[in-house]
Amino acid sequence: MEIFFLGVGEACDTAHGNSSSLITASNGTRILLDCGFSVPHQYFRTVEQPQELDCVWISHFHGDHYLGLPLLFLRLWQLGRTRPLCVVGQKGVEEKVRAVLDMAYPTFEKKLSFEFSFHVLHAQETISAAGLTWSAALTQHSQYNLGLRLEDGGRRLYYSGDGRAGRHARELIQGCDFVIHESFSLVDTYPYHGSVTTTLQLAEELDMGRIALVHLDHTLRRTELPRIEEMVRAVPHALLPVAGHRLTF
């Protein structure tokens, strides 16, 4: 798989954008993991062809994870997309996506040159879509959020969305080749967010490959970056990516 980090920040991070990654699986399938406010601009700086995107995953319905969808759809339409677009998420994903598109651009969906293919994924469930295996677990967050495990037959990736990893999420993380995990605070300050400390503990306690820490509080990143970098360097295979970071595993 290849990962391109479009953004690595939280909702209000003007320097690092909303956390989102573009995944290219070994079969060529391209998946956008979450689409917050700032993501479409970053995406279209990287991808010019409207047909290339296969799927969008929405972890939960906080604005910095899905309110970029109307702009994504608008630009795909402007560029002439005709292929159906797969959208995967929790129960209610179709209603939420259609509603936010209508809120941003009323009646615009009727003009779209492509259709949507919606797939619902429940917690502790596994489905097949776009030639990949998708498994989900509920995380500990203020909004109903699903952590996602993607498997393409060769590699396994976990993306947390937001929230701490409970038992079921830890089971999905176990054995993954790459983990992208929300790490909002330095230590467990907030009950519904992960932290740098707990994410690094996952790396030490579970069997996994590399782990990337994203969605850091923008103030924390500005004031404590040297300390965080030192903590990350102390854990083998952990990294603190920046927007525009591309890697293959």
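With Leu53 as reference, Leu72 is the one residue of Leu72, Val47, Thr29 to meet the side chain to side chain contact (heavy atoms under 4.5 Å, CB included) rule.
In this structure, Phe5 and His245 have tilted ring planes: the angle between them lies in the 30° to 60° band.
Side-chain contact between Arg233 and Glu230: present, with at least one pair of heavy atoms (C-beta onward) separated by less than 4.5 Å. Between Asp13 and Asp217, every side-chain heavy-atom pair lies at or beyond the 4.5 Å cut-off. Between Tyr158 and Leu150, the closest side-chain pair of non-hydrogen atoms is not below 4.5 Å. Using a 4.5 Å heavy-atom threshold, the side chains of Gln90 and Tyr144 count as touching. Looking at heavy atoms from C-beta onward, Leu202 lies in side-chain contact with Met208 at the 4.5 angstrom threshold. Residues Thr139 and His168 have side chains not in contact (no heavy-atom distance under 4.5 Å, counting atoms from C-beta outward). Annotation: side chain of Asp54 is not in contact with side chain of Leu32 (no heavy-atom distance under 4.5 Å). Between Leu220 and Leu186 there is a side-chain heavy-atom pair separated by less than 4.5 Å.
Heavy-atom minimum distance, Ser195 versus Asp188: OG-OD1, 2.8 Å. Taking both residues in full, the closest heavy atoms of Phe37 and Ala11 are given as CD1-O, 4.3 Å, listed atom of the first, atom of the second, then distance. What you find for Leu132 and Trp134 is that their closest heavy atoms are O-CD1, 3.3 Å. Between Leu76 and Pro50, the closest heavy-atom pair is CD2-O, 3.6 Å.
Taking hydrophobic clusters as Ile, Leu, Val, Met, Phe, Trp and Tyr residues chained together by side-chain heavy-atom distances below 4.5 Å, Leu85 does not share a cluster with Trp57. If you chain together hydrophobic residues whose side chains sit under 4.5 Å apart, Val56 and Leu101 fall into the same group. Linking Ile, Leu, Val, Met, Phe, Trp and Tyr whenever their side-chain heavy atoms come within less than 4.5 Å leaves Val242 and Phe4 in two separate clusters. No continuous path of hydrophobic side-chain contacts links Leu240 to Val214 [ILVMFWY only; heavy atoms under 4.5 Å]. Following chains of ILVMFWY side-chain contacts shorter than 4.5 Å, one can reach Leu148 starting from Leu146, so the two form part of one hydrophobic cluster.
Under a cutoff of 6.0 Å and an axis angle of 45°, Arg81 and Phe114 form a cation-pi pair.
Two rings, from Phe116 and Phe73, have their centers less than 6.0 Å apart.
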Test salt bridge (charged side-chain N to carboxylate O under 4.0 Å, His left out) applied to Arg156 and Asp177, step by step:
CA-CA 5 Å; Arg156 295 155 294 184; Asp177 300 287; 3.5 Å; yes

Let me see the working for Glu94 and Arg98 under salt bridge (charged side-chain N to carboxylate O under 4.0 Å, His left out), right down to the final yes or no.
CA-CA 6 Å; Glu94 179 174 355; Arg98 293 190 190 278; 3.0 Å; yes

Would His141 and His65 satisfy ring-ring contact (aromatic ring centres under 6.0 Å, His included), going step by step from the backbone distance to the final call?
CA-CA 13 Å; His141 190 48; His65 292 264; 7.5 Å; no

Run His215 and His181 through ring-ring contact (aromatic ring centres under 6.0 Å, His included) and show every step you take.
CA-CA 8 Å; His215 202 280; His181 208 285; over 10 Å; no

Salt bridge (charged side-chain N to carboxylate O under 4.0 Å, His left out) assessment of Glu182 paired with Arg164:
CA-CA 8 Å; Glu182 180 254 306; Arg164 295 188 196 175; over 6 Å; no

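No more than 12 heavy atoms of other residues, nucleotides or ligands shown are found within 6.0 angstrom of OH on Tyr190. In Phe249, the CZ atom is crowded: over 12 heavy atoms of neighbouring residues, nucleotides or ligands sit closer than 6.0 Å.
Taking 4.0 Å as the cut-off between side-chain N and carboxylate O, Arg227 and Glu229 do not count as a salt-bridged pair.
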